[in-house]
Amino acid sequence: MSTENHRLDDKIIVYRNYNNLSEAYETKNILELNGIPCFISNENMATVYPLYNSHVGGIRLHIFEKDIAAADNLLANL
């Protein structure tokens, strides 16, 4: 993940939640290929305990708050 254009105080948010790991990684790859840094969390918990996935918030895709509009625009045009 590139941090060149991001300051240490840039806010990171949970952009989307997923129940399916492949969907989360598909979105992550699309964002990264278009220059939007992101990362996934909760993937181990959600895959080890799939019945509790909704209780732990699912698989989470995180981005910088300032990239929300760009991510929305990119994903809406797919």
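Residues: numbered from 1 along the sequence shown.
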Just to verify, what does D72 make a side chain to side chain donor-acceptor pair (under 3.5 Å) with, not counting sequence neighbours? Y15

So, does N77 use its side chain to make a donor-acceptor pair with the main chain of N73 at under 3.5 Å? yes

Could you check whether any side-chain heavy atom of S41 comes within less than 4.5 Å of a side-chain heavy atom of L61, counting everything from C-beta outward? no

Main-chain N/O of E23 paired to N20 side chain as donor or acceptor, under 3.5 Å: yes

For the atom pair NZ (K66) and CG (D10), what is the distance rounded to the nearest 0.5 Å? 5.5 Å

Between Y18 and R16, is any pair of side-chain heavy atoms under 4.5 Å apart? yes

Sequence-distant partners of I30, side-chain contact (heavy atoms from CB on, under 4.5 Å), two or more places apart: E26, N34, L74, L75, L78

Pairwise side-chain contact, E32 with C38, heavy-atom cut-off 4.5 Å (strictly under): yes

Taking F39 as the starting point, is it possible to reach F64 by hopping between hydrophobic residues whose side chains are less than 4.5 Å apart? yes

Any heavy-atom pair between the side chains of I12 and E65 that's under 4.5 Å? no

Measuring from atom CG of N44 to atom CG of L21, what distance do you get when rounded to the nearest 0.5 angstrom? 9.0 Å

How about K28 and L31: do any of their side-chain heavy atoms sit closer than 4.5 Å? no

Under 4.5 Å between any side-chain heavy atoms of N17 and I59, yes or no? no

